[in-house]
Number of protein chains: 2
Amino acid sequence: MKMESAAKGETRKKILDLAEALLLSHGYHGFSYQQISKVLGVRNAAIHYHFPHKTDLGVALIQRYRRRFARFTDSQQRLGGQEQLERYFELSETYFAKDRQICPSGVLSTEFPRLPEVMQAEASAFIDEMRSWAVAIALKGRAEATMAYTGEPEAIGAVLFSTLQGALQLARIDENILVTVKNQIRAMLGINMAEFTREGG
Amino acid sequence: MKMESAAKGETRKKILDLAEALLLSHGYHGFSYQQISKVLGVRNAAIHYHFPHKTDLGVALIQRYRRRFARFTDSQQRLGGQEQLERYFELSETYFAKDRQICPSGVLSTEFPRLPEVMQAEASAFIDEMRSWAVAIALKGRAEATMAYTGEPEAIGAVLFSTLQGALQLARIDENILVTVKNQIRAMLGINMAEFTREGG
DNA sequence: TTGACAGCTTACTGACCGGTAAGTAGAGTC
DNA sequence: GACTCTACTTACCGGTCAGTAAGCTGTCAA
């Protein structure tokens, strides 16, 4: 029977992709190896072959997020603060569009106390990187004078990060909150709304 | 043996109290009847006697929140917008102080897609009430001219609600974010910080 | 041709999950 | 003293969870 045993690392990637979707929609404790193996058409133990413990899978997921997020920010270092902010906004829009997922930081911080220690460490580092990026955006916006706000960039970044995380979760109950919140943040950062009406949304 | 079979409705209340703490720290799917019965010193089936299905317990918890929150807002109708805002802030502080709990809306919106339908309906109503109160605060602040902001009260309320929900979750990783975010919100609402330094932090 | 290894499978374990049926002790009512 | 109700208990159930041991198969290198 079995002819191709998956072109090396292919199954592993499929597992990660599926686990990621399940993590963002159901949470870490909300998905099982069974759910993954059923969709992939393999046995439960096949998942355990690639990720002996569920913790290993969890850690791998966060590490992949961190690599991905690092590439994301790297690719935007040269953009202006306003453009960076809009890309940041788009990130959350993407999550919501995909089966009403919430952002990884939302899942991880909510489940944090019940996460295995190694995952907590990875999650802390990841969340720190996300918040730092929000701060960097605020800092750039002020330096360029394309944003105008009272208070320090650190505080603006913290608000930006917290607000989007909360709004993305609440969007599951009221879809409109994401757009409302983004517009209000733009207003609070002194960004001329007219510049973004061309986006049509 | 057994002499007192709990002074009528006492066990039921104990179950609710324990379940509430577990809900806010571990989530709805993150606690079990076993955990409750073990602490209470009763058998599993005793919990099922009071709440036949876990869904019943979940609904009862949200309904109790809604009653409590209605009393909370009722008692503050006559306060000024700034005072109302500070009470709102204190709410989140209370959750965090109690074993790093997060707010019920955070748990419920995060787990929303996996919640039983009856719980989803209750959760939606509850979250709507919480957001409405945030809007009411912003509205009052503007009417009294004790707050100054651009944009509509609806948007300010949405930001206020989202931000606190997110910050409360992120406080599990970085404790400082709650204070930072609150100060920044005050600044964004044009509230004179000096007025609140008497609180000492 | 043999041997090693990757990538699985079959078959299982023990713990825990929510939930149920049947029985029982005590208190209150008639 | 019999009846009834509340508030449980004991003793299960089937299902699902993460995890493991041992076996099988195709590929590739020596």
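All values below come from the heavy atoms of this structure, side chains included, with hydrogens, waters and symmetry mates left out. Chain letters run A, B, ... following the sequence lines, proteins first and then strands; every chain starts at 1.
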Test ring pair (Phe, Tyr, Trp, His ring centres under 6.0 Å) applied to Tyr65(A) - qualifying residues, sequence neighbours left out: Phe126(A)
Please give, in whole Å, the distance from [N] [atom2] to [X] [atom1]?
| X | N | atom1 | atom2 | value |
| --- | --- | --- | --- | --- |
| Ile36(B) | dC8(D) | CD1 | C1' | 16 Å |
| Arg12(B) | dC8(D) | CZ | C1' | 15 Å |
| Lys38(A) | dG15(D) | NZ | C1' | 11 Å |
| Ile15(B) | dA7(D) | CD1 | P | 11 Å |
| Asp56(B) | dG18(C) | CG | P | 13 Å |
| His26(A) | dT16(D) | NE2 | P | 15 Å |

Going by the rule salt bridge (Lys or Arg N to Asp or Glu O under 4.0 Å), which residues pair with [X] if we only count those two or more places apart in sequence or in a different chain?
| X | result |
| --- | --- |
| Lys38(A) | none |
| Asp17(B) | Lys13(B), Arg64(B) |
| Glu144(B) | none |
| Glu129(B) | Arg66(B) |

Helical bend (five base pairs per end, nearest 10°) for the helix from dT1(C)-dA30(D) to dC30(C)-dG1(D): 10°
Closest nucleotide among dC8(D), dA6(C), dT9(C) to the Tyr49(B) side chain: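 Within the option list, the nearest is dC8(D).
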Inter- and intrachain pairs under side chain to side chain donor-acceptor pair (under 3.5 Å), touching residues 41-60 of chain A, at least two apart: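 Non-adjacent pairs meeting side chain to side chain donor-acceptor pair (under 3.5 Å): Gln34(A)-Asn44(A).
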Selection residues 101-119 of chain B - residue pairs positive for side chain to side chain donor-acceptor pair (under 3.5 Å), sequence neighbours left out: His29(B)-Glu111(B), Ser105(B)-Gln165(B), Ser109(B)-Gln165(B)
Residues in side-chain contact (heavy atoms from CB on, under 4.5 Å) contact with Glu154(B), at least two apart in sequence or another chain: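 Here the qualifying residues are Val135(B), Glu152(B).
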Side-chain touch Thr11(B)/Ile47(B), heavy atoms, less than 4.5 angstrom: no
Summary of salt bridge (charged side-chain N to carboxylate O under 4.0 Å, His left out) pairs that have at least one residue in residues 93-102 of chain A, sequence neighbours excluded: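 Sorted pair list: Glu93(A)-Lys182(A), Arg100(A)-Glu175(A).
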Positions of residues 109-118 of chain A (non-hydrogen atom under 4.0 Å from DNA chain D), listed by number: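 None - not one residue of the stretch has a heavy atom sitting under 4.0 Å from the strand.
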Please tabulate, one pair per line, each protein N/O and nucleotide N/O from nucleotides 18-22 of chain D that are separated by under 3.5 Å, including the distance.
residue, atom, partner, partner atom, Å
dA18(D), OP1, Phe31(A), O, 3.4
dA18(D), OP1, Lys54(A), NZ, 3.2
dA18(D), OP2, Tyr33(A), N, 3.2
dA18(D), OP2, Gln34(A), OE1, 3.2
dG19(D), OP1, His53(A), ND1, 3.4
dG19(D), OP2, Lys54(A), N, 2.5
dG19(D), N7, His48(A), NE2, 3.1

Under-4.0 Å side-chain N/O to phosphate OP1/OP2 contact, Thr11(B) with dA7(D): no
side-chain N/O Arg43(A) vs dT10(C) OP1/OP2, d < 4.0 Å: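 Looking at the OP1 and OP2 atoms of dT10(C), one of them is under 4.0 Å from a side-chain N or O of Arg43(A).
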Test side-chain contact (heavy atoms from CB on, under 4.5 Å) applied to Ser162(A) and Val181(B), Leu164(B), Ile185(B), the passing residue: Val181(B)
